[in-house]
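Just so you know, these numbers use all the heavy atoms, side chains as well, and skip hydrogens, waters and symmetry mates.
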Amino acid sequence: QAQLVESGGGLVQPGGSLRLSCAASGFTLDYYTIGWFRRTRGREREAVACIRFSDENTSYADPVKGRFTISRDNAKNTAYLQMNNLKPDDTGTYYCAVDMRGSTCTYAGMDHWGKGTLVTVSS
């Protein structure tokens with residue numbers, strides 16, 4: 001069955017970096033649009049980055065532009081979220097998701113979700 005497993009979260013100081021991984025099994029990840037979402041303190045789950053299957057364009061939420069980079073490795077069937085210059089407001093649970101029907105980067109548009117990985121940015 002289709003499955004997504006996130007990893008790479010942890011505790012990091014402000015200004016530090018983390019790379020999150022999203023390993024897919026049961027399907028070929030590179031055929032689909034991939035999104036990274038997060039649930040932060042006091043907020044609903046929100047999209048932070050997306051890479052479209054149709055044209056491989058990427059998009060980012062305003063708070064992470066210039067700091068986060070989404071990518072995929074077809075050979076490893078894995079997607080990544082490189083997070084640089086992390087801020088305390090980035091703290092939260094990060095989820096990988098896949099849209100198997102289109103190229104959206106919205107909560108409602110995603111068809112498969114991982115369980116999430118916790119990122120904590122603190123001194």
Side-chain angles (χ1 to χ4, degrees):
Q1 60 180 6
Q3 187 174 16
L4 299 171
V5 179
E6 301 97 335
S7 62
L11 175 64
V12 64
Q13 294 184 353
S17 298
L18 287 173
R19 189 181 74 161
L20 306 183
S21 298
C22 174
S25 61
F27 67 102
T28 302
L29 186 62
D30 59 299
Y31 291 157
Y32 304 102
T33 294
I34 304 164
W36 283 96
F37 295 73
R38 70 184 181 188
R39 178 171 53 82
T40 59
R41 185 173 179 269
R43 289 179 170 268
E44 301 292 327
R45 190 178 301 188
E46 61 182 353
V48 297
C50 185
I51 182 166
R52 294 176 56 166
F53 165 72
S54 59
D55 55 12
E56 295 295 333
N57 284 347
T58 57
S59 61
Y60 300 91
D62 286 341
V64 309
K65 286 181 179 177
R67 300 188 296 118
F68 290 12
T69 303
I70 186 172
S71 63
R72 71 171 97 219
D73 186 329
N74 294 342
K76 296 181 179 179
N77 206 27
T78 300
Y80 303 94
L81 184 68
Q82 178 67 44
M83 306 186 295
N84 298 327
N85 192 24
L86 284 161
K87 304 175 180 180
D89 285 348
D90 296 320
T91 294
T93 302
Y94 285 71
Y95 303 86
C96 176
V98 174
D99 183 352
M100 302 189 75
R101 298 170 291 170
S103 58
T104 65
C105 198
T106 64
Y107 178 83
M110 296 300 177
D111 300 297
H112 296 283
W113 292 84
K115 298 298 183 182
T117 185
L118 179 62
V119 173
T120 302
V121 185
S122 176
S123 299

Verify the cluster assignment for Met110 and Tyr94: are they in a single hydrophobic cluster under the rule of side-chain heavy atoms below 4.5 Å apart?
no

How long is the gap from CG on Leu18 to CD on Gln82, to the nearest 0.5 Å?
8.5 Å

With a 4.5 Å cut-off on side-chain heavy-atom distances among I, L, V, M, F, W and Y, is there a chain of contacts connecting Trp36 to Tyr32?
yes

Considering all heavy atoms of both residues, which atom of Ala47 and which atom of Cys105 are nearest to each other, and what is their separation?
CB-O, 3.4 Å

Step by step, work out the side-chain contact (heavy atoms from CB on, under 4.5 Å) result for Ser71 and Ile51.
CA-CA 7 Å; Ser71 63; Ile51 182 166; 5.6 Å; no

Give me the atom names and distance for the closest heavy-atom approach of Asn85 to Ser17.
N-OG, 4.2 Å

Determine whether Tyr60 and Thr69 make a side-chain contact, defined as any pair of heavy atoms from C-beta on separated by less than 4.5 Å.
yes

Looking only at non-hydrogen atoms, find the nearest pair between Glu6 and Tyr95 and report the distance.
OE2-CA, 3.2 Å

Just so I know, are the side chains of Leu86 and Phe68 near enough to count as touching, which here means a heavy-atom distance under 4.5 Å?
yes

Please state whether the sulfur gamma atoms of Cys96 and Cys22 sit closer than 2.5 Å to each other.
yes

With the 4.5 Å side-chain cut-off for hydrophobic clustering, are Val121 and Val64 part of the same group?
yes

Checking Asn77 side chain against Ala24 main chain: does a donor-acceptor pair fall under 3.5 Å?
yes

Nearest 0.5 angstrom please: Thr58 OG1 to Arg52 CZ, how far?
10.5 Å

Do Ile34 and Val119 land in one hydrophobic cluster if side-chain heavy atoms of ILVMFWY residues count as linked below 4.5 Å?
yes

Value for CE (Met83) from CZ (Arg19), rounded to nearest 0.5 Å, stands at 11.5 Å

When Thr33, Leu29, Thr28 are each screened for side-chain contact (heavy atoms from CB on, under 4.5 Å) with Tyr31, the one that passes is Thr28

Report whether Val48 and Leu20 are members of the same hydrophobic cluster (ILVMFWY, side-chain heavy atoms less than 4.5 Å apart, transitive linking).
yes

Residue pairs passing the salt bridge (Lys or Arg N to Asp or Glu O under 4.0 Å) test with at least one member in residues 101-123, sequence neighbours excluded, are Arg101-Asp111

Classify the angle between the aromatic ring planes of Trp113 and Tyr107 as parallel (below 30°), tilted (30 to 60°) or perpendicular (above 60°).
tilted

Which of these passes side-chain contact (heavy atoms from CB on, under 4.5 Å) with Arg38: Asp90, Leu81, Thr91?
Asp90

Other residues, nucleotides and ligands only: do more than 12 of their heavy atoms fall within 6.0 Å of CZ on Arg39?
no

